[in-house]
**Q** 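Got a structure for you, questions after.
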Number of protein chains: 2
Amino acid sequence: MGLFSVAERDTRLSPRRRSAYGAGERIYHAGSDGLAWRLHCGVVRLDTAEPAGSARFASLAIAGDILGCETMLFGNYAFTATALTNCDLRPWPEGEGVSVGDSLLSSLAKAQNRAADIVALRGGQAADRVLGLIKLLTDGADRVVLPTRQDIADITDLRFETISRIIKSLERTRALLPIKIEGVHATRSYAVNFAAL
Amino acid sequence: MGLFSVAERDTRLSPRRRSAYGAGERIYHAGSDGLAWRLHCGVVRLDTAEPAGSARFASLAIAGDILGCETMLFGNYAFTATALTNCDLRPWPEGEGVSVGDSLLSSLAKAQNRAADIVALRGGQAADRVLGLIKLLTDGADRVVLPTRQDIADITDLRFETISRIIKSLERTRALLPIKIEGVHATRSYAVNFAAL
DNA sequence: CGCATTTTTGATACACGTCAATCTCCGTGG
DNA sequence: CCACGGAGATTGACGTGTATCAAAAATGCG
């Protein structure tokens, strides 16, 4: 799974209360306590804490989403959060500006939409699910850093072999163009070209 | 689908601002405006409004959940709501009692947990998904009224034929016992006996 | 450079989808 | 009261998309 293979890191809290995580790093663990966060950039995977210690994919957070707000109510996190790409988090609520009520309300609305997106990633043909996830992660930009094949598999409820085949075929149709660094292909970075489909 | 086969009904608003819907009835339509509601009992299906007018399953609301809170922010509903069983709704927020902030916060937390439940219903073996949904709908009681086979299929991303086979096999193992009314079996009402599994 | 991890690829199996016929339950109208 | 028709449910036969198992290749890291 690779989910538990990365050690806890120093939190590197800058004066502006901002914290950064690299791909694969654990952000917080279900049951522990801490702050609520807004995800400013990156992609985070949320897993339910199963009795047997085995994590099960529950949800995804992308830029703009609120993470771990339940800690404000219950004093601990309901899910385990793991960075799937490099992430930048800041404590929430931000304090100044919009009223807390409006902020909560729009978070609730956004959470519902995000949930609907994720449900859609688990229905239909395999290729469409993977493409749907890639589009969600790309979010209008022209390049993406994808999670590992195994993480994509967990999110879409497919097997990593299937993900590998689908991504390879997207490369062959030039919908995904590997970004090479000094001639070597970093297997997660792609320029996207959905027009090729 | 049966989703569009039932006419809009009179809203039957009692003096206490409570409204009831029968199985299959449309509660509100994506894009229209109205109140936010708390679902006091029953099960509601939420669908995204697709361009082509075709609905796609997005989420499920069960007793205690908040429905359509986005209308307070944007002035219209993001999803289309349909009663899957008999439902009882009341306007939200209730006004008295807990502060609006806490109520919103706990709704947000609850929405996240519900979303995780639904994601789980779309992964793994077909029989486990159907069983998971039935358990969610039963919620500790000893009997359930199930949605139609087609609705169960939409929720679990399976086909109604598959659902029919699975439910029949649950009947054969006596995990589900049809409740007969005057000798006739209403194909949606069951006494549950999960110990039989 | 060497080893662990991730990814790719192939061969084969099976769970579920698809298509089609039939059945039950109900409401409607003659 | 019974004929009719429609919606939902059941069942069977068959096809296929994805899982599974296995092995090799590519990548990344100490």
**Q** Round to a whole Å and report the spacing from CZ of R159(A) to P of dC14(C).
**A** 16 Å

**Q** D128(B) has an atom CG; how far is it from atom C1' of dA15(C), in whole Å?
**A** 13 Å

**Q** Would you indicate which nucleotide in dT10(D), dT8(C), dC16(C) comes nearest to any side-chain atom of Q125(B)?
**A** dC16(C)

**Q** Just one of Y21(A), Y77(A), W37(A), F79(A) clears the ring pair (Phe, Tyr, Trp, His ring centres under 6.0 Å) bar with Y28(A), so which one?
**A** Y77(A)

**Q** Of the candidate nucleotides dT10(D), dA19(D), dT8(C), which contains the atom at the shortest distance from the side chain of L158(A)?
**A** dA19(D)

**Q** Please report the distance, rounded to the nearest Å, between CG in D157(B) and P in dG17(D).
**A** 15 Å

**Q** Has the side chain of T71(B) got a donor or acceptor atom that lies under 3.5 Å from a matching backbone atom of G34(B)?
**A** yes

**Q** If you check the T162(B) side chain, which of dT11(D), dT8(C), dC16(C) turns out closest?
**A** dC16(C)

**Q** Kindly indicate, with the supporting measurements, whether the criterion side-chain contact (heavy atoms from CB on, under 4.5 Å) is fulfilled by I179(A) and R143(A).
**A** CA-CA 9 Å; I179(A) 295 173; R143(A) 41 171 59 201; 3.5 Å; yes

**Q** Which nucleotide sits closest to the side chain of A126(A): dT11(D), dT18(D), dA9(D)?
**A** dT18(D)

**Q** If the test is side chain to side chain contact (heavy atoms under 4.5 Å, CB included), which one of L177(A), L170(A), L146(A) qualifies with Y190(A)?
**A** L146(A)

**Q** Under 4.0 Å: is that the gap between some side-chain N or O of S164(B) and OP1 or OP2 of dT10(D)?
**A** yes

**Q** Among the candidates dA22(D), dA20(C), dT18(D), find the nucleotide nearest to the side-chain atoms of E161(B).
**A** dA20(C)

**Q** In whole angstrom, what separates L170(B)'s CG from dA9(D)'s P?
**A** 15 Å

**Q** Provide, to the nearest angstrom, the distance between the CZ atom belonging to F160(B) and the P atom belonging to dC19(C).
**A** 11 Å

**Q** Does G124(B) or R172(A) map to a spot on DNA chain C nearer the 5' end, using the closest nucleotide for each?
**A** R172(A)

**Q** What's the CZ-P distance between R149(A) and dA25(D), to the nearest Å?
**A** 19 Å

**Q** What nucleotide among dT18(D), dT20(D), dT11(D) has an atom nearest to a side-chain atom of R165(B)?
**A** dT11(D)

**Q** Does R188(A) place a side-chain N or O at less than 4.0 Å from the phosphate oxygens OP1/OP2 of dT27(D)?
**A** no

**Q** Among R114(A), R38(A), K110(A), which one satisfies salt bridge (Lys or Arg N to Asp or Glu O under 4.0 Å) with D65(A)?
**A** R114(A)

**Q** Looking at dT9(C), dG8(D), dT10(D), which one has an atom nearest to any side-chain atom of K168(A)?
**A** dT9(C)

**Q** Rounded to whole Å, how long is the line connecting atom CD1 of I167(B) with atom P of dT11(D)?
**A** 12 Å

**Q** What integer distance in Å separates I163(B):CD1 from dT10(D):P?
**A** 11 Å

